[in-house]
Amino acid sequence: MRVLRNPGMWLALLLTAAVGVWPFFTKSATTREVIFTILLFVSLATSLNIFLGYTGYVSFGHIVWYGLGGYVGFYFMDVYQTPLYLCVLAGGLTSGIIAFLLGKAILRLRGAYFALATIGVNEAARAFINNFEPFGGPIGMTLNFSIYKSYGGATQALWITYGSLLGLTLLVILVSFLVKSSKFGLGLTAIRENEDAAEVMGVVAPDAKTWAYVLSAIFPGMVAVLFFFKNGTILPHDAFRLHLSIEMIVMVMLGGYGTLLGPIIGAAGYQRLRGLLLVTPFFKNIQLAVAGVFLLVIILFVPAGVIGWLRDRFPQLRRVLI
Amino acid sequence: MILQVERVSKQFGGLQALSNVSLELPEGEILGLIGPNGAGKTTLFNVINGIYPPSEGKITFMGKNITASKPYRVAKMGLARTHQIVQPLNELTVRENVMVGACFGQEDHGLAEASVIAKETLEFVELEDKAEFLAGSLNVAQKKRLELARALASQPTLLLLDEVLAGLNPSEIALMVKTVGSIREQGVTIIMIEHVMHAVMNVSDRILVLDYGVQIAEGTPEDVSQNKAVIEAYLGDPELAEKLAQNRS
Amino acid sequence: MIDTVLSSMTDGLMLGFVYGLAAMGLSLIWGVMNVINLAHGPVIALGMFGVYLTFTLIGLNPYLALILLAVIGLILGILIYMIAVHRVINAPHLSTLLATFSVNMIIIGVGTSLLSTTPRNIDFPLGRIEVGPITLLWTRVAAAGAALLITGLLYLFLHRARPGKHIRAVANNRAAAELMGIPSMRILALSFGIGTMLAMVSGGLIATFFPFTILSGGAYELKSFLICVLGGLGNPIGALIGGLILGSLEGLIPMFMPNTWMPVLEFVLFVLILLIRPQGLLGGET
């Protein structure tokens, strides 16, 4: 396909791949863990961008897809010892289906009302999981350590998980690009700019929004399973951290919403900053405040984010910085 | 008949915006829709186009009942419209704006074909030199032409134009009137809401007059301009009444 | 059994007055400038801490502290508006949502590091009163009374005082109000200030009967959203009635299901109302 010759897409993929294969060369577990976290956030931010960035609808509940998918995948792993890749698919599928159903209900709400509904979704999901016995209620679930044996031991399992995450991250970037450069993506951008005018021109807004929502939900569901498999334990508190929803928004806005490179740069940049700050205990608490200041400054002065600003300032780079 | 509007009424709370409006529109006609401000002209467009359903009445387009259909359904059947207050997709380029029209309208084109259609349509409305500019950066007259291009790109059967001439200077008006004529020559049926009297009287085959949501006159431009009820409705604006009386043919 | 139901519902009703007061702040800001103040929750929590700190540090009567809190809330609200909101007031919704949300994050971030998340409590019991089969706590009654009083004052302010009328004008049609010479920026700042003030005061009242942390505001924020859609936006009386409805519901529901399901129920109710009757059960002032 001619569209795959796009330099911007290759830049995004190669950049991510280069960072991603680095641990395989150094064989260092520490590097692997650091890059794992970065890739996790890159994939989460990119998936959020498919919905928030392209349609302009703010979702404060993106972490719900992470939590729900993670729980379902973990459940199959724990109770049925299902192979990892099937659990990952199960997680993604669950989040996708629930996103479809939820979307049918709340995507009819416009702008701010939709955003509020997603805040409510977070609270509701957390309360639900806390009470849901088969998922362990408030104490969650824990994997039997022997499960790692079927993957060649704990160390091997960690590397497999890492490789899978790298693969998924590259996949979500590719999907994001394909959406952006498709007719579907044009419809989404039209919705973002002016939903009423878009409908008058024939864009079937309800369907388009729903599919974007579903697509954005599948990937968090999948990567969550990888994370919790590695973690060995899953708890409601961990799976549904509202803060993560917010931080994902910050990452997307920081990098530049609606762009392909934006969420990648935003996620990586934000993660590095967070890593630097988390060293001191004082900053550990204040990190949310710092993120808040970041977000405010971006919203007030650079709403298009880093990539958006660069595209504005250097129009020659627009072909590449997509 | 391309369009049949049967006894359509629309109420907003206590306000009767439209009362029993009926019209039949044959293919290839240009119908001028005039009336004082607040007469319900844009409301009629909104009801036809699916922005909101009528309180009463029936609307048939190309033989199909479109009463209370959603705007996107109606658009995909071949009905396009422009807005009184222009609605450009600001962060998209002019070309991308027009492509949206081409992709999602009646013809359902892919991106590549849509790009070609966009180029041709922009040439037609004389905006091709602005194709790569962001829509938000255009001036009002250019935005109006963009709005028109977007509507045309979907290759509509029926085109609803809402005050396409407002805010234009005389030479821009003359250009736009010529464009409207060319559009009709390509086989598109048109309803035009207009306040620029000499223009709409000149280019329309028939005129329909609304006042306070009621149809007070219908007929050829000559008949309508001499209709007593119409002149009275406009009497608050003596300049307009004079223009009606003159009716430069 | 009937006694417990009655007691529970009356208790809920009393709470409802305070919920209504909290929601009023959100409703006012939303109605006047179409901004959903996502800093609402943390501001309520600040109110709780305000009363707590004045009580433990200088032994100030909580109900007197409310006056101080009101003034601080007003100033804080104006500051938040000028710094975070004014620049993006005309930008798409995304911007104001995220701007107020970042204020939320800043308050919570600073708050958790300075005040930690150990629950705090104010020990200021006022005794009880028996009314037939129902036992009422005086703290609840006092809070309900305070909420009623403030609602009344707000109503008078909006309908009799000049700045209040200006606020209603701007809420109705900002452009027209500006053309009439009303300084809209000052009015918007004032509205935000009043909204913040109401939130802080309600937080202070809640502190007199429940333990709290800096994170407690979140639950009340969700309740406030629900009340706003119940009562209609920009409508103080509507917010109060919405609060009473929610309060009674909360008094009733624990009979049938554990309290931890509350957020789920509130969310479902919230979405349902928005879908079925977006102008609220009681409509609202335009």
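All figures in this text were calculated on a predicted structure; none of them were measured in a lab. By convention in this document, chain letters (A, B, ...) are assigned in the order of the sequence lines, proteins followed by strands, and residues within each chain are numbered from 1.
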Task: Backbone of A:R311 reached by a side-chain donor or acceptor of A:R313 within 3.5 Å - done: no

Task: Interchain contact, A:I119 with chain C, by part (heavy-atom threshold 4.5 Å) - done: side chain

TODO: Please flag which part of A:V250 lies under 4.5 Å from any non-hydrogen atom of chain C: side chain, backbone, both or neither.
DONE: side chain

Task: Interchain contact, C:L98 with chain A, by part (heavy-atom threshold 4.5 Å) - done: both

- [ ] Please flag which part of C:L265 lies under 4.5 Å from any non-hydrogen atom of chain A: side chain, backbone, both or neither.
- [x] neither

TODO: Quick one: which of A:A115, A:G56, A:A291, A:A117 has the most heavy-atom pairs under 4.5 Å with chain C, could you say?
DONE: A:A117

Task: Most chain C-contacting option - heavy-atom pairs closer than 4.5 Å, from A:V121, A:I106, A:I249, A:I298 - done: A:V121

TODO: Anything under 30° is parallel, anything over 60° is perpendicular, the rest tilted; go ahead and classify C:F49 against C:F212.
DONE: perpendicular

TODO: Look at the aromatic rings of C:F101 and A:F60 and report parallel, tilted or perpendicular, splitting at 30° and 60°.
DONE: tilted

Open item on the list: For A:F114 together with A:F51, are the ring centres under 6.0 Å from each other?
Closed with: yes

Open item on the list: Are A:W309 and A:F301, when compared by the centres of their aromatic rings, separated by less than 6.0 Å?
Closed with: no

Open item on the list: With chain A as the partner, which of C:N104, C:I106, C:L222, C:V268 has the greatest number of non-hydrogen pairs under 4.5 Å?
Closed with: C:I106

